[in-house]
Enquirer: 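Dropping the structure in here first, questions after.
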Amino acid sequence: MSSTDVAPDAPEAPEQSSLRSGGRRFGDTLFSTLSVGSGILIFVTLALVAIFLTAESMPAFRESKELAGIFGTADPAFSLIGGVAPYIFGTVLAALIALVIAIPVSIGIALFISHYAPRRMAAGLGYMIDLLAAVPSVVYGLWGGVWLVPRLEPLYVFLNQTLVWPSWVPLVPSGEAIIPLFAGDPTAPMRNLASAAVVLAVMILPIITAMAREVFLQVPRLQEEAALALGATRFEVVKTVVLPFGRSGVVAASMLGLGRALGETMAVLMILAPGATFSWHILEVGMHNTIAANIASKQAESSGADMSYLIYTGLVLFVLTFIINAIARWIVSRTTVKG
Amino acid sequence: MAAPQPITVEDLNIYYGDFLAVEDVNVTIQPRSVTALIGPSGCGKSTFLRTLNRMHEVIPGAYAKGTVEINGENIYAQGVDPVNVRRRVGMVFQKANPFPTMSIRDNVLAGVKLNNRRISKRDADELVESSLKGANLWNEVKDRLDKPGMGLSGGQQQRLCIARTIAVRPEVVLMDEPCSALDPISTLAIEDLIHELKDNYTIVIVTHNMQQASRVSDRTGFFNIAGTGKPGHLIEFDDTEKMFTNPENKQTEDYISGRFG
């Protein structure tokens with residue numbers, strides 16, 4: 001989209017009429033040029049990033065066995081998919097677990113702020129939530145690695161050792177974890193995917209909470225009064241009016257949070273002991289890694305083909321985030337309520 | 001059901017925080033009749049209306065002092081749950097407010113389904129039909145009960161709200177300028193409906209339209225305010241016919257004859 005045709009109308013007959021303007025006003029032109037320019041800048045930046053990622057990934061493409069038919073220079077041991085797939089798995093799994101933890105808590109906090117808390121307390125709490133978003137991720141990484149991980153250990157032991165099938169229940173593997181995600185053989189220190197996901201959850205909490213709060217505050221007063229006048233309790237008002245109205249906003253907020261969780265690097269890097277498997281056992285250490293953390297940990301000592309491969313994994317993350325955003329928009333457009 | 005009793009309001013003072021909005025209302029509202037409240041903007045008639053089902057206090061800082069007896073029970077007595085009051089005293093608002101996420105049918109059943117009350121499908125069907133018939137809306141919507149309530153016209157939406165209100169079988173229905181956003185034909189439909197509803201419900205209606213008050217009501221109360229920042233008062237309360245032909249108070253006469261307000 002270009003808009004180069006901002007040239008003012010050519011001044012015609014110099015007939016003296018006070019209603020005619022002498023071309024466009026200067027401030028107007030300046031402002032519209034600036035805002036159009038800023039808009040274009042977004043496209044340009046995005047395109048440049050995509051071009052950079054693709055161009056720099058070319059060496060990896062050229063050597064891969066998947067694209068051998070095109071380039072004919074393949075190293076049969078070098079796979080585009082095989083190498084990055086475990087990291088995609090780890091990235092998505094960590095982000096989803098973070099989301100599962102963060103969404104209910106965020107909705108709870110947002111509802112408390114918008115509908116339950118006394119006004120002054122709500123303002124203070126909202127401010128604190130915003131502060132939480134301002135904490136740098138390296139601080140979260142430190143806090144998670146040093147403070148949180150040892151304290152989560154008893155919980156993990158409980159989930160792994162105590163929450164298991166008792167022997168008197170037939171047809172189940174007795175002694176195995178009831179929830180398969182918590183099976184396996186976790187060992188301290190618990191630098192596992194679950195710990196990383198918990199810290200990610202804390203990091204995306206403020207995003208989701210802030211957006212959900214805004215949506216809940218926009219619920220039309222008249223709708224709430226309609227429910228109240230029918231004899232609804234406060235909880236019933238939330239259930240029949242506030243949550244249905246806020247649903248699409250909460251979905252959108254969650255997707256924003258998911259986007260952040262997918263790309264978060266530092267905290268994951270500092271907490272997770274890396275591995276590259278497709279293990280569902282989120283308590284086991286040294287089994288998972290995320291794309292972003294993997295890039296950060298290896299880029300300093302990579303060059304040539306290794307660097308190209310890292311950049312290619314960055315491209316994968318870029319596309320992944322893109323797809324998830326597209327899905328989010330689609331969901332929001334389907335669930336938006338007019339009121 | 002026992003013979004319906006009047007609503008008795010005694011020494012009611014209504015506040016927004018420190019501000020006394022309506023002062024010292026004493027009135028008796030006859031059951032199974034239509035009572036209209038008129039007066040200039042800001043005189044406190046809507047505020048007063050909202051104290052009759054304890055909706056006033058949902059505004060932060062708002063409260064009322066005094067006695068409002070409905071069926072012999074003071075709704076401002078200690079330990080009274082406003083939720084239970086509102087189930088017996090329904091309310092229709094100025095702007096139609098059906099629940100946007102619900103179908104027509106679910107809108108009618110919304111109040112009944114609150115508090116986890118269970119209702120069988122047959123009872124629900126019957127209730128939907130009788131409530132919509134009671135609101136003179138059945139014939140217009142019976143073929144599209146599962147369509148969203150927001151798809152109806154403004155007048156139909158308001159009648160849907162009335163159906164939703166009477167579906168919980170209240171004793172009293174409060175109406176806060178229910179026709180002010182409607183065209184004359186929809187207004188007429190609602191006014192006809194009010195005439196029919198008074199056989200079963202005690203109706204209190206706030207209106208800006210004096211013709212409407214004289215058309216629909218049996219008794220009329222006139223609220224007025226001495227000036228900005230002063231509390232509103234119930235100036236006169238009498239049979240509608242007398243209020244509009246031969247009011248006792250000079251202020252009422254001035255207002256009704258259009259000399260101010």
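Each chain gets a letter, A, B and so on, in the order the sequences are listed, and its residues count up from 1. Values below: all heavy atoms of this structure, side chains included; hydrogens, waters and symmetry mates excluded.
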Enquirer: Would you name the heavy atoms of B:Pro100 and A:Gln223 that are closest together and state the gap between them?
Expert: CD-OE1, 3.2 Å
Enquirer: With a sphere of 6.0 Å drawn around CD of B:Glu73, does it hold more than 12 non-hydrogen atoms of other residues, nucleotides or ligands?
Expert: no
Enquirer: Using non-hydrogen atoms only, which part of B:Val89 is less than 4.5 Å away from chain A: side chain, backbone, both, or neither?
Expert: backbone
Enquirer: Would you call A:Val241 and B:Met102 a side-chain contact if the rule is heavy atoms closer than 4.5 Å?
Expert: no
Enquirer: Which bit of B:Arg50 is near chain A, if near means a heavy-atom gap under 4.5 Å: side chain, backbone, both or neither?
Expert: side chain
Enquirer: Identify the heavy atoms of B:Met91 and A:Ala229 that sit nearest to each other, and give their distance.
Expert: CB-CB, 3.8 Å
Enquirer: Given that the side chain runs from C-beta out, which part of B:Phe99 has a heavy atom under 4.5 Å from chain A: side chain, backbone, both or neither?
Expert: both
Enquirer: Would you check, one step at a time, whether the test side chain to side chain contact (heavy atoms under 4.5 Å, CB included) holds for B:Thr101 with A:Phe245?
Expert: CA-CA 7 Å; B:Thr101 49; A:Phe245 181 89; over 6 Å; no
Enquirer: Other residues, nucleotides and ligands only: do more than 12 of their heavy atoms fall within 6.0 Å of CH2 on A:Trp280?
Expert: no
Enquirer: Search all heavy atoms of B:Leu114 against all heavy atoms of A:Leu230 and return the closest pair with its distance.
Expert: CD1-O, 3.8 Å
Enquirer: Take atom CZ in B:Phe19; do more than 12 heavy atoms of anything else shown fall under 6.0 Å from it?
Expert: yes
Enquirer: Would you say that A:Leu228 contacts B:Met55 through its side chain, given a criterion of any heavy-atom pair below 4.5 Å between the two side chains?
Expert: yes
Enquirer: Taking B:Asn97 for the side chain and A:Leu222 for the main chain, is one N or O donor matched with an acceptor at less than 3.5 Å?
Expert: yes
Enquirer: By a 4.5 Å heavy-atom criterion (distance strictly below it), what part of B:Pro98 contacts chain A: side chain, backbone, both, or neither?
Expert: backbone
Enquirer: Atom OH of residue position A:Tyr116 - does it have more than 12 heavy atoms of other residues, nucleotides or ligands inside 6.0 Å?
Expert: yes
Enquirer: Does any backbone or side-chain atom of A:Glu225 lie under 4.5 Å from a heavy atom of chain B? Answer side chain, backbone, both or neither.
Expert: both
Enquirer: Please say whether more than 12 non-hydrogen atoms of neighbouring residues, nucleotides or ligands are located less than 6.0 Å from CD1 in A:Ile42.
Expert: no
Enquirer: Can you tell which part of A:Arg234 gets under 4.5 Å to a heavy atom of chain B, answering side chain, backbone, both or neither?
Expert: neither
Enquirer: Nearest 0.5 Å, what's the CG-OG1 distance between B:Asn84 and A:Thr233?
Expert: 10.5 Å
Enquirer: Please determine if A:Glu236 and B:Arg86 form a salt bridge, counting it only when a charged side-chain N lies under 4.0 Å from a carboxylate O.
Expert: no
